[in-house]
Amino acid sequence: MRKIVAALMLAGLAMAVAPAAQAQQPIVIKFSHVTTPDTPKGKGAEKFKELAEKYTDGKVKVEVYPNSQLYKDKEEMEALQLGAVQMLAPSLAKFGPLGVRAFEVFDLPYIFPNREALRQVTEGEPGKVLLAKLEPKGIKGLAYWDNGFKIMSANSPIHVPKDFRGLKMRIQSSKVLEAQFHALGALPQVMAFSEVYQAMQTGVVDGSENTPSNMYTQKHYEVQKYGLVTRHGYLGYAVIVNKAFWDGLPADIRAKLEKAMAEATDYSNSIAQQENDDALAAMKASGRIALSDPTPEATAEFRKVLEPVYAEMSGRIGQDTIDMVLKATRGVGQ
Ligand code: LMR
């Protein structure tokens, strides 16, 4: 918080000392995020920068701050609401702690059988309904960006649900993810993304779940001995802006930024699957982590053990939201 207030004071000072010069200054969009530049999100952010600056003829300057260099998970949401940064792309799991619990539907185990089913939600009416829930928080949702399906990692062999008993598993701050690991008999530990590598290295946690792209670019595979390609849950993002900032932009500029965002979204979503496939292959090739696929029997067991999470979390997420998502995805691509 202190960091955010200091940033705001500096920005205020700059405006106070240079009012005349300010008229020619470009509009600056600070885009903060927590992954490295070579991830679907990192590449999407760079693409948005390139297109936004091009379409506005430099009237808008986009400063991208990757890899938690400005703020960690929880801080970045506060920074956006306070206006210290203008744009973020937090994972969908990160909206629950903000009080918008319907987003936790994305964290339910096995909710999306594949990407095609996911798109029915993110590109359809359910996606719009969910983004609208952010507005009372001073946040405007612009787009959904893909990452991929999560896998498990640990420092002891993991093949079937019982292998997770007693393991300390890092999670994002989500009650659904907490319930998921409790169902497996594990001990979920909420931790900022940027702290996971060290926690794995020092044994503060035994393992985690994440996408192959995140595990690879954060080098988790260097400090985890085993991985299980469960694809048991989804991790993606909502690109969001400070609503007051966005609504205050000149209409022509906003339209150009919307075009840049639409194209950056198509780009980021078109590379996400490949990025994850490549990351999985690179981790396998590294020889540092033993990655295996669950047997069909193990997958059936994971599904069975995790099924009660739906009923348990129904009151929190809202059964209407769960039903909306299940209805949109029913039978798609199966
Ligand atoms: C995580 O905290 O594991 C992810 O949300 C990181 C990210 O933004 O992909």
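Everything quoted here is computed from the prediction, not taken from an experiment. Counting convention: from 1, in listed order, for ligands and their atoms alike. Numbers here are sequence positions counted from 1.
- A salt bridge does not link R303 with E307: every distance from a Lys NZ or Arg NE/NH1/NH2 to an Asp or Glu carboxylate oxygen is 4.0 Å or more.
- In terms of polar-atom proximity, T35 is not counted as a contact of ligand 1, lacking any N or O under 3.5 Å from an N or O of the ligand.
- Note on K94 versus E76: no salt bridge recorded, every NZ/NE/NH1/NH2 to OD/OE distance being 4.0 Å or above.
- For ligand 1, the atoms closer than 4.0 angstrom to any heavy atom of R170 are 1 (C), 2 (O), 3 (O).
- Aromatic ring orientation, F112 versus F106: tilted (interplanar angle from 30° to 60°).
- With respect to the salt-bridge test (charged N to carboxylate O, under 4.0 angstrom), the residues K304 and E301 do not qualify.
- Using cut-offs of 30° and 60° for the angle between ring planes, the F103 and F95 rings count as tilted.
- Only the side chain of L235 comes within 4.0 Å of ligand 1, counting heavy atoms alone; its backbone N, CA, C and O stay farther away.
- The contact set between ligand 1 and K94, taken as ligand atoms under 4.0 Å from a residue heavy atom, comprises 1 (C), 2 (O), 4 (C), 5 (O).
- Below 4.0 Å from some heavy atom of N214 lie the following atoms of ligand 1, by number and element: 6 (C), 7 (C), 9 (O).
- The distance from the NZ atom of K49 to the CD atom of E53 is 3.5 Å, given to the nearest 0.5 Å.
- Between N147 and ligand 1, a contact under 3.5 Å exists for no N or O pair.
- The contact set between ligand 1 and K41, taken as ligand atoms under 4.0 Å from a residue heavy atom, comprises 7 (C), 8 (O).
- A salt bridge links E135 with K243; the closest basic N to acidic carboxylate O contact falls under 4.0 Å.
- Ranking the protein heavy atoms by distance from atom 9 (O) of ligand 1 puts Y237 OH, 2.5 Å first.
- Near V34, with a cut-off below 4.0 Å to any heavy atom, the atoms of ligand 1 are 6 (C), 7 (C), 8 (O).
- The existence of a salt bridge linking K256 and D57 is excluded, since no basic side-chain nitrogen approaches an acidic carboxylate oxygen closer than 4.0 Å.
- Not close to ligand 1: T211, with no non-hydrogen atom less than 4.0 angstrom away.
- Atoms of ligand 1 found under 4.0 Å from any heavy atom of S91, numbered from 1 in the order shown, are 5 (O).
- Heavy atoms of H33 come nearer than 4.0 angstrom to ligand 1 in no pair at all.
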